[in-house]
Amino acid sequence: MIQSAIFPHPHQAATGTLRHRDADSLRPQWPTKQQLLASLPASLAEKNVGKAWISLAFSLLTSLAAYGLGCLIPLHWSYAPLWIAYAVVTGTLAMGCWVLAHECGHNAFHPNRTVENCVGLILHSLLLVPYFSWQRSHAVHHANCNHLETGETHVPSLQSSPWARFSIKLKALLGPPAYAVVSIVVHLLVGWPLYLLFGITGGPDHGFPTSHFINIPPFNSGTRQLFPRKWVNLMSVSNCGIAITLLALVILMMNTSVARIVCVYGLPYLIINGWLVCYTWLQHTDRTIPHFSGSEWDWAKGALQTVDRPYGPLLNWLHHGIGSTHVAHHLNPRIPHYNAWKATEIIRQHFPDHVHYDPTPIHRAIWRIALHCSFVTKNQDNDCYYYS
């Protein structure tokens with residue numbers, strides 16, 4: 001169970017981790033945005049260029065070395081176990097490049113914005129991510145975290161929504177365990193491209209569908225523009241980056257084979273996407289995390305409703321701590337990864353009752369979330385929304 005007792009959910013009572021509270025205690029005094037930001041020294045947001053380039057060199061060179069080894073594996077079914085191992089190792093290494101491109105999008109990598117955006121554009125384009133388009137949607141996510149209307153990415157559906165009705169019927173048809181398996185497979189395998197292409201799990205105020213590649217109707221036609229008109233040129237730059245990568249892959253296919261490129265590039269690509277969705281899904285989803293609607297939301301409450309989880313020293317090293325320091329990242333996304341550990345320590349000391357940490361092993365946490373977290377309902381005691 002998540003270690004933070006500020007907004008107990010009815011499900012927590014059954015675990016014995018929290019005692020019953022009256023209605024008044026379910027409406028705690030929240031720290032303000034100013035208090036949260038003031039708790040983190042400005043020095044934590046200072047960029048160390050040497051550390052940034054060393055991190056980039058490590059993630060990029062190890063990834064390239066792994067891709068190079070993939071070019072040597074024979075294309076034969078008898079080597080399927082080796083290809084699976086190759087995909088897992090290479091995709092896991094390359095996820096480190098994704099995380100550093102994410103830092104570039106937050107101005108947390110390099111003090112020179114031109115250098116930073118060039119690095120982010122190249123890294124994300126190589127991974128088929130539209131850098132500037134994602135930079136915009138991700139900024140909206142940070143500005144509206146856990147808002148049921150204006151939020152962006154992993155915004156839960158209401159019980160009255162068509163998705164909720166569909167998920168109830170599907171769980172009844174398949175049974176809860178099979179439903180959880182389907183949910184995990186769909187999330188990890190196609191969740192990321194579905195979000196980029198159509199805005200799956202995007203905020204309702206931004207409309208459906210939205211697209212990170214196209215900015216004309218029927219896309220991006222919500223009551224709030226996810227991509228304002230001024231973003232069109234940068235969206236085009238992102239698309240050019242993707243197009244160059246796809247062209248390079250086609251040329252490589254013509255000079256080798258389709259199977260070679262599918263195996264060498266495509267298999268790790270699926271693992272990278274799986275890691276990305278795993279991190280973001282677990283950071284923003286749990287039965288004990290409240291979601292807010294309308295005037296019940298403010299930035300401080302929303303930013304605190306994300307979860308740090310224990311990924312272990314190896315993954316924290318390879319992925320620059322992205323899953324274990326996420327609360328601090330939401331409070332100040334300009335803090336580089338090498339300072340995020342200190343920031344996490346500070347906010348846990350200053351706001352122990354508000355910072356969420358779930359020690360549940362990752363495989364158990366993702367199963368619990370896939371099994372139970374399909375839509376949210378309103379808790380009448382505190383006017384927050386929780387997964388049932």
Side-chain angles (χ1 to χ4, degrees), residues 51-104 109 119-120 122-129 181 184-193 196 245-246 248-249 252-253 255-283 309-326 337-338 361-367 370:
K51 289 183 178 180
W53 288 121
I54 289 172
S55 296
L56 176 60
F58 170 77
S59 290
L60 186 59
L61 293 178
T62 54
S63 298
L64 292 175
Y67 280 110
L69 290 175
C71 296
L72 305 177
I73 303 174
L75 291 169
H76 192 277
W77 283 109
S78 61
Y79 286 87
L82 185 57
W83 277 114
I84 293 173
Y86 160 78
V88 171
V89 171
T90 305
T92 300
L93 290 171
M95 181 61 194
C97 295
W98 209 111
V99 173
L100 294 176
H102 162 258
E103 282 206 349
C104 291
F109 180 79
V119 170
I122 292 170
L123 290 178
H124 264 174
S125 296
L126 289 173
L127 301 174
L128 299 183
V129 179
V181 171
I184 291 172
V185 171
V186 170
H187 271 84
L188 301 189
L189 193 63
V190 297
W192 175 240
L196 291 179
T245 299
L246 291 174
L249 291 174
L252 288 172
M253 286 180 183
N255 286 276
T256 55
S257 69
V258 173
R260 173 64 64 182
I261 301 308
V262 167
C263 289
V264 172
Y265 183 87
L267 294 179
Y269 174 76
L270 295 178
I271 300 299
I272 296 167
N273 290 353
W275 274 121
L276 173 63
V277 173
C278 176
Y279 278 123
T280 56
W281 196 16
L282 295 186
Q283 285 162 350
R309 297 184 184 273
Y311 286 89
L314 179 59
L315 287 176
N316 280 332
W317 178 46
L318 294 177
H319 298 163
H320 312 292
I322 188 67
S324 299
T325 61
H326 201 66
H337 66 273
Y338 41 83
I362 298 304
H363 66 283
R364 288 176 53 197
I366 202 168
W367 178 261

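Using cut-offs of 30° and 60° for the angle between ring planes, the Tyr86 and Trp83 rings count as perpendicular.
Leu315 places a side-chain heavy atom less than 4.5 Å from the side chain of Thr92. Counting heavy atoms from C-beta outward, His320 and Ser59 have side chains that approach closer than 4.5 Å. Residues Pro193 and Asn273 are in side-chain contact: their nearest non-hydrogen atoms beyond the backbone lie under 4.5 Å apart. Between Ile362 and Trp367, the closest side-chain pair of non-hydrogen atoms is not below 4.5 Å. Inter-residue side-chain proximity for Leu188 and Cys278 is flagged as met; some heavy-atom pair is nearer than 4.5 Å. The shortest distance between side-chain heavy atoms of Ile271 and Met95 does not fall below 4.5 Å.
Between Ile272 and Gly91 the shortest heavy-atom distance is CG1-O, 3.4 Å. Between Leu75 and Ser257 the shortest heavy-atom distance is CD1-OG, 3.8 Å. Nearest heavy-atom pair across Leu127 and Ala94 is CD1-O, 4.2 Å. The shortest non-hydrogen separation linking Ala101 to Gly120 is CB-O, 4.1 Å. Across all non-hydrogen atoms, the minimal contact from Thr90 to Ser63 is CG2-O, 4.4 Å. Among all heavy-atom pairs drawn from Ile261 and Leu252, the shortest one is CD1-CB, 3.6 Å.
Here His363 contributes atom NE2 and Ile366 contributes atom CD1; the two are 11.0 Å apart, rounded to the nearest 0.5 Å. Separation of atoms CG (Leu128) and CG (Leu196) is listed at 9.5 Å; rounding is to 0.5 Å. Note that CD1 of Ile322 is 9.5 Å distant from CG of Leu100, once rounded to the nearest 0.5 Å. In this structure, Leu126 CG and His124 NE2 are separated by 10.5 Å, a value rounded to the nearest 0.5 Å. From Leu60, atom CG reaches atom CG of Leu93 across 11.0 Å, with rounding to the nearest 0.5 Å. To the nearest 0.5 angstrom, Lys51 atom NZ is 7.0 Å from Tyr338 atom OH.
For residues 58-80, every residue pair satisfying the ring pair (Phe, Tyr, Trp, His ring centres under 6.0 Å) rule, not counting sequence neighbours, is listed here: Phe58-Trp317.
A side-chain donor-acceptor contact under 3.5 Å links His319 and Tyr279. With no hydrogens or angles considered, a side-chain donor-acceptor pair links His337 and Ser55 at under 3.5 Å.
Under a 3.5 Å cut-off, the side chain of Thr245 and the backbone N or O of Ser125 do form a donor-acceptor pair. Judged by distance alone, with hydrogens and angles left aside, the side-chain atoms of Thr280 form a donor-acceptor pair with the main-chain N or O of Val277 at under 3.5 Å. A donor-acceptor distance shorter than 3.5 angstrom exists from the side chain of Arg260 to the backbone of Gly70, with no hydrogens or angles considered. Between the side chain of Ser324 and the backbone N or O of Arg309 there is at least one donor-acceptor pair closer than 3.5 Å.
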(request) Determine, step by step, whether Val190 and Val185 satisfy the side-chain contact (heavy atoms from CB on, under 4.5 Å) criterion, reporting the C-alpha distance in whole Å, the side-chain angles of both residues, the deciding distance to 0.1 Å, and the verdict. (result) CA-CA 8 Å; Val190 297; Val185 171; over 6 Å; no
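Here the rule is ring pair (Phe, Tyr, Trp, His ring centres under 6.0 Å) with Trp98, and of Trp275, Trp192, Tyr269 only Trp192 fits it.
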